[in-house]
Asks: 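The structure is given below, and queries will be raised subsequently.
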Amino acid sequence: MRSKSLSLVMAALVIGCSEHVATAPPRFAIATHDAMAANASAIDTSDLILTPNGYYHRSCVHIVPIGAHVDIAAGVARTADGLLIQFPKCLDPGPVSRNSPSFRASPWALLPPATDSGWMEDAGIPVPLGHVFRRINANWVVPPAPIAYSSGNLVYIFPALTSSRAIVQPVLQYGSNGSFGGAYWTAAGFMCAGRTAQCYISAPLRVSSGDRLYGYAASSNCSSGRCDWTMEVDDESVGSETYKTQLVATDSLGYTYDTFTSAFGGALEIYNITTCDALPASGVYFTNIIVSDDAGQVVPNFGPTSFVDSSASLQCGFAVSSTSSSATLADSATTYVRAQISGPSSVAAGASGTWTAEVASPPHTGTAPYTYEWSGILTGSGATITGVPSASGLLNMTITDALGYRYTASMSVTVCSPGVLSC
């Protein structure tokens, strides 16, 4: 968890499971922790679950089936067919420290000391003065799996809204958190909120590298500072709108839990990572990021508060770049595509020019084949564009690789005065 002014201080989760079957949408059901542990690693026998907000006692992490509505204050979920689920009493509320008896008695304590754990990088922005955030959504592509994986490694990737006491987020996960997951990718909606410091996660969805995801956290029915919240992740590569995971919850405790003051277009959080090759074998590129506040205004520009944990003992080339609607999270294993434009920086008035997109050298070659889109003073497609610019300005090129990673480069081109060949 990032411990700066844009920090997450509280959390809560919801859990379930399904398999990724492209030919038919899955059925979701409530899965017990015991049933999941029977088919999981030794870590899953622990009484602790490692959430994006740290370790939580298993009794404080609740499974909610898709379509159910959670009332956090009452600790109850109502399913789509009207069934009421009363969650058990949380035996050890809040994040559990490594010094607590619960941690020392768990298999997590048997792991070697983590080289790096916590919030590594993000592209974030604070809310405009006098407002609160009410929605965030983004698209991203599931990156290639880490080259190396050991039991206990855990990676979380997400956009999110946070307050001093809560977080709402659609999350992509690699590794086991002690309740679900393993050496594969899963996606789920998380809501971590409330004075009781309990966690709720939607039924986790099995996804694959290269899948295109759409995720959001959005409020509705807001009254007196309290809102309903929906967290959802859709796997758009499957071709069915029903292949998704969703969590709907009401933070009816009120207080300040719905005053989300920080937004993250993309963030990387890791636990028990000791080598850089245990990170995703590619950067993560978030696109179509939209953040809106309680006035319905879209809030732009993630650049000013981008964050990289430069104090981490294991430096893996973490880097963040962002625009008003995109964010790229990189590390030393990053292989996402980059390119530059070559060609004349000036042309005579009425003359034609040719410009070419040149893909960078490894490790930034991405995955072929590529597609190209040109905009600005000339428009078109293909690796090369030829044309007569009508005026000086920017020539923009966006390259997209086979996994959906994109990179945009620009060149300023000047159209010289009539009769002048170069300027």
Side-chain angles (χ1 to χ4, degrees), residues 1-13 51-54 117-128 131-141 143 154-173 187-193 201 213-219 229-233 247 257-271 279-280 283-294 297-310 312 318-331:
M1 173 175 305
R2 179 176 167 186
S3 57
K4 293 175 70 93
S5 59
L6 299 178
S7 63
L8 314 175
V9 179
M10 185 160 223
L13 303 167
T51 79
N53 194 44
S117 285
W119 197 294
M120 290 294 108
E121 55 184 343
D122 69 58
I125 189 172
V127 74
H131 293 278
V132 291
F133 287 125
R134 286 290 182 246
R135 181 184 178 94
I136 186 168
N137 59 259
N139 290 87
W140 71 102
V141 176
L154 186 57
V155 174
Y156 287 123
I157 300 168
F158 51 83
L161 300 179
T162 73
S163 73
S164 63
R165 301 193 179 199
I167 180 172
V168 287
Q169 55 190 155
V171 178
L172 177 65
Q173 170 185 323
F190 284 57
M191 185 174 192
C192 308
I201 314 172
L213 303 183
Y214 169 69
Y216 70 87
S219 65
W229 283 91
T230 301
M231 283 63 65
E232 182 170 309
V233 185
L247 166 66
Y257 303 132
D258 286 324
T259 56
F260 292 98
T261 55
S262 299
F264 301 93
L268 171 69
E269 187 173 353
I270 62 176
Y271 290 95
L279 297 169
V284 184
Y285 186 60
F286 294 85
T287 60
N288 303 317
I289 303 171
I290 299 176
V291 180
S292 57
D293 61 19
D294 51 342
Q297 300 297 311
V298 175
V299 182
N301 197 354
F302 289 96
T305 54
S306 293
F307 164 81
V308 173
D309 185 2
S310 58
F318 298 117
V320 178
S321 60
S322 60
T323 69
S324 60
S325 62
S326 70
T328 298
L329 308 180
D331 56 58

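On a predicted model such as this, the values are computed, not experimentally measured, just so you know.
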Asks: Applying side-chain contact (heavy atoms from CB on, under 4.5 Å) to Phe158 and Phe264, what does each step give before you reach the verdict?
Replies: CA-CA 8 Å; Phe158 51 83; Phe264 301 93; 5.6 Å; no
Asks: Given Leu172, which partner from the list Leu213, Val284, Val155 fulfils the side chain to side chain contact (heavy atoms under 4.5 Å, CB included) test?
Replies: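 Going through Leu213, Val284, Val155 one by one, the side chain to side chain contact (heavy atoms under 4.5 Å, CB included) with Leu172 is satisfied by Leu213 alone.
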Asks: Which atom pair, heavy atoms only, marks the closest approach of Gln169 to Met231?
Replies: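 Smallest interatomic distance, heavy atoms only, reads N-CG, 3.7 Å.
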Asks: Nearest 0.5 Å, please: how far is OG in Ser325 from CG in Asn288?
Replies: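 The distance works out to 6.5 Å.
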Asks: Applying side-chain contact (heavy atoms from CB on, under 4.5 Å), run through Phe260 and Val132 and close with a yes or a no.
Replies: CA-CA 5 Å; Phe260 292 98; Val132 291; 5.5 Å; no
Asks: Determine whether Pro128 and Asp293 make a side-chain contact, defined as any pair of heavy atoms from C-beta on separated by less than 4.5 Å.
Replies: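 Yes; the side chains approach each other to less than 4.5 Å.
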Asks: Which atom pair, heavy atoms only, marks the closest approach of Leu161 to Arg134?
Replies: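 Nearest pair, atom of Leu161 first, then Arg134: CD1-C, 4.1 Å.
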Asks: Measuring from atom OG1 of Thr162 to atom CZ of Phe133, what distance do you get when rounded to the nearest 0.5 angstrom?
Replies: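 Reported to 0.5 Å precision, the distance equals 9.0 Å.
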Asks: For Glu121, enumerate each residue passing the side chain to side chain donor-acceptor pair (under 3.5 Å) test, keeping only those at least two apart in sequence or located in another chain.
Replies: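 For Glu121, no residue satisfies side chain to side chain donor-acceptor pair (under 3.5 Å) once neighbours in sequence are set aside.
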Asks: Closest heavy-atom contact between Pro159 and Gly265?
Replies: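 Scanning both residues completely, I find the closest heavy atoms to be CB-O, 3.6 Å.
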Asks: What are the two closest heavy atoms between Ser163 and Thr259, and how far apart are they?
Replies: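 Taking every non-hydrogen atom into account, CB-O, 3.2 Å.
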Asks: Return the set of residues passing side chain to side chain donor-acceptor pair (under 3.5 Å) with Arg135 (not counting sequence neighbours), or none when no residue passes.
Replies: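 Once residues adjacent in sequence are excluded, the partners of Arg135 under the side chain to side chain donor-acceptor pair (under 3.5 Å) criterion are Asn137, Tyr214.
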Asks: Looking only at non-hydrogen atoms, find the nearest pair between Ile157 and Pro280 and report the distance.
Replies: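 So the two residues come closest at CD1-CG, 4.1 Å.
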Asks: Could you pull out the closest heavy-atom pair between Ile136 and Ala160, with the gap in Å?
Replies: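 Minimum heavy-atom contact is CD1-O, 3.8 Å.
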Asks: Taking the six-membered ring for Trp, are the ring centroids of Phe318 and Trp119 within less than 6.0 Å of each other?
Replies: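 Centroid distance Phe318-Trp119: not below 6.0 Å, so no.
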Asks: Hey, does Leu247 have a side-chain heavy atom less than 4.5 Å from the side chain of Thr230?
Replies: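 Contact flag for Thr230/Leu247 side chains = no.
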Asks: Just to verify, what does Phe286 make a ring-ring contact (aromatic ring centres under 6.0 Å, His included) with, not counting sequence neighbours?
Replies: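 With neighbours one apart ignored, the set is Trp140.
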